[in-house]
Amino acid sequence: MAKKKKAGIKVFTWIMIAFMAVGLVLTVVGIFTDWTTTKGEAIGGIVSTEGNTTLQDYFDQQKDSVELLGEEKGKIEYFDATYAFAWLALIGSAVALAGYLLGGLLKLNLFKTIGMLGGIVALLTGVLTAIFTYMMCKELSADAGIVGSVTTTLAVGCYLTMIGGIVSGGSAIVAKLKK
């Protein structure tokens, strides 16, 4: 007697969809949260300051700088790649979640394959976001000895976007590979 295929989405797939949803939420929160932290010291540490910057702040700052200084001098080094990869991580996470939801509900493997491809994009761009942000932070940091120094480091938003892309993308890949 032939076995009848179960209707609906399997429990394992629901668990992976839940992980993808968590990854998407982390990515969204990360993009709109403080992206970098800047600490500055002057006169041998007598004067110090600290501030946080979001991706939108960097976007506005670069836009204003380009208007004032021109395209070549106004650009923030590595910001364009950082910005693009952050949004691609968000889009990839959303595509992964939507693909698996539609694929499971409509029982179409095409949507699950699209979800897995979105997951791969989310995973890769989540990691690349952190790498390019680190390179941007390195460019924005400066040290003039006792006169002063500025250190820019990754903040919680960058980490959340990276983790969200990894969780969402990894879940999508595992869900597709698990038969």
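- Residues meeting the salt bridge (charged side-chain N to carboxylate O under 4.0 Å, His left out) test with K63, sequence neighbours left out: none.
- Of all non-hydrogen atoms in T152 and S141, the two that sit nearest each other are N-OG, 2.8 Å.
- Residues T161 and W35 meet the side-chain proximity criterion, which asks for heavy atoms closer than 4.5 Å.
- In this structure, K112 is not positioned above the aromatic face of Y100 in the sense of NZ or CZ being under 6.0 Å from the six-membered ring centre and within 45° of the axis.
- Residues V95 and I166 do not share a hydrophobic cluster, clusters being chains of Ile/Leu/Val/Met/Phe/Trp/Tyr side chains in contact below 4.5 Å.
- If you chain together hydrophobic residues whose side chains sit under 4.5 Å apart, I163 and L88 fall into the same group.
- A distance-only check finds no donor-acceptor pair linking the side chain of T27 to the backbone of L90 [under 3.5 Å].
- Separation of atoms SG (C158) and CG (D34) is listed at 12.0 Å; rounding is to 0.5 Å.
- For the atom pair CG (L128) and CE (M135), the distance works out to 9.5 Å, reported to the nearest 0.5 Å.
- Counting only heavy atoms from C-beta outward, the side chains of Q61 and F79 never approach each other to under 4.5 Å.
- Taking the ring centroids of F132 and F85, they lie under the 6.0 Å cut-off.
- The shortest heavy-atom contact between E77 and M136 is O-CG, 3.3 Å.
- Checked against N52 for a side chain to side chain donor-acceptor pair (under 3.5 Å), the options T33, T38, T37, D57 give a single hit: T37.
- In this structure, L101 and I17 have side chains that are in contact, with non-hydrogen atoms separated by less than 4.5 Å.
- Taking CZ of F111 as the reference point, atom CG of L106 lies at 6.0 Å (rounded to 0.5 Å).
- Cluster annotation: V29 is connected to I31 through the hydrophobic network of ILVMFWY side chains, with a link wherever side-chain heavy atoms come within less than 4.5 Å.
- Pairing each heavy atom of G115 with each of A172, the nearest pair is O-CB, 3.7 Å.
- Put simply, the side chain of T54 never gets that close to the backbone of F32: no donor and acceptor are under 3.5 Å apart.
- Of all heavy-atom pairs between A122 and G92, the closest is CB-C, 3.7 Å.
- If you run side chain to side chain contact (heavy atoms under 4.5 Å, CB included) between V127 and each of T125, T129, I131, L124, only I131 comes through.
- At least one side-chain heavy atom of Q62 sits under 4.5 Å from a side-chain heavy atom of K75.
- More than 12 heavy atoms of other residues, nucleotides or ligands lie within 6.0 Å of CD in E67, so this atom counts as buried by the packing criterion.
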Worksheet entry | Pair V121-I91, side-chain contact (heavy atoms from CB on, under 4.5 Å): steps then yes or no | CA-CA 8 Å; V121 168; I91 292 167; over 6 Å; no
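- Side chains of T153 and C137 form no contact here, defined as non-hydrogen atoms less than 4.5 Å apart.
- In the hydrophobic cluster analysis, where Ile, Leu, Val, Met, Phe, Trp and Tyr join through side-chain heavy atoms closer than 4.5 angstrom, L177 is grouped together with F12.
- Atom OG1 of residue T82 and atom CD1 of residue I76 lie 9.5 Å apart, to the nearest 0.5 angstrom.
- A heavy-atom distance below 4.5 Å is found between the side chains of V66 and E71.
- Ring centers of Y58 and Y83: at least 6.0 Å apart, outside the cut-off.
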Worksheet item: Does the pair T49 and K39 meet the rule for a side-chain contact (heavy atoms from CB on, under 4.5 Å), with working shown?
Response: CA-CA 6 Å; T49 184; K39 296 178 184 175; over 6 Å; no
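- Residue G164 comes nearest to S93 through the heavy atom pair O-OG, 4.1 Å, listed as atom of the first residue, atom of the second, then distance.
- N109 contributes atom CG, which lies 11.0 Å from atom CE of M116 (distance to the nearest 0.5 angstrom).
- Note on L102: it does not cluster hydrophobically with I173, by side-chain heavy-atom contacts below 4.5 Å among ILVMFWY residues.
- Minimum heavy-atom separation, S65 to G74: CB-O, 3.3 Å.
- In this structure, the side chains of E41 and V47 stay at 4.5 Å or more apart for every pair of heavy atoms.
- Rounding to the nearest 0.5 Å places CE of M16 at 13.0 Å from CG of L97.
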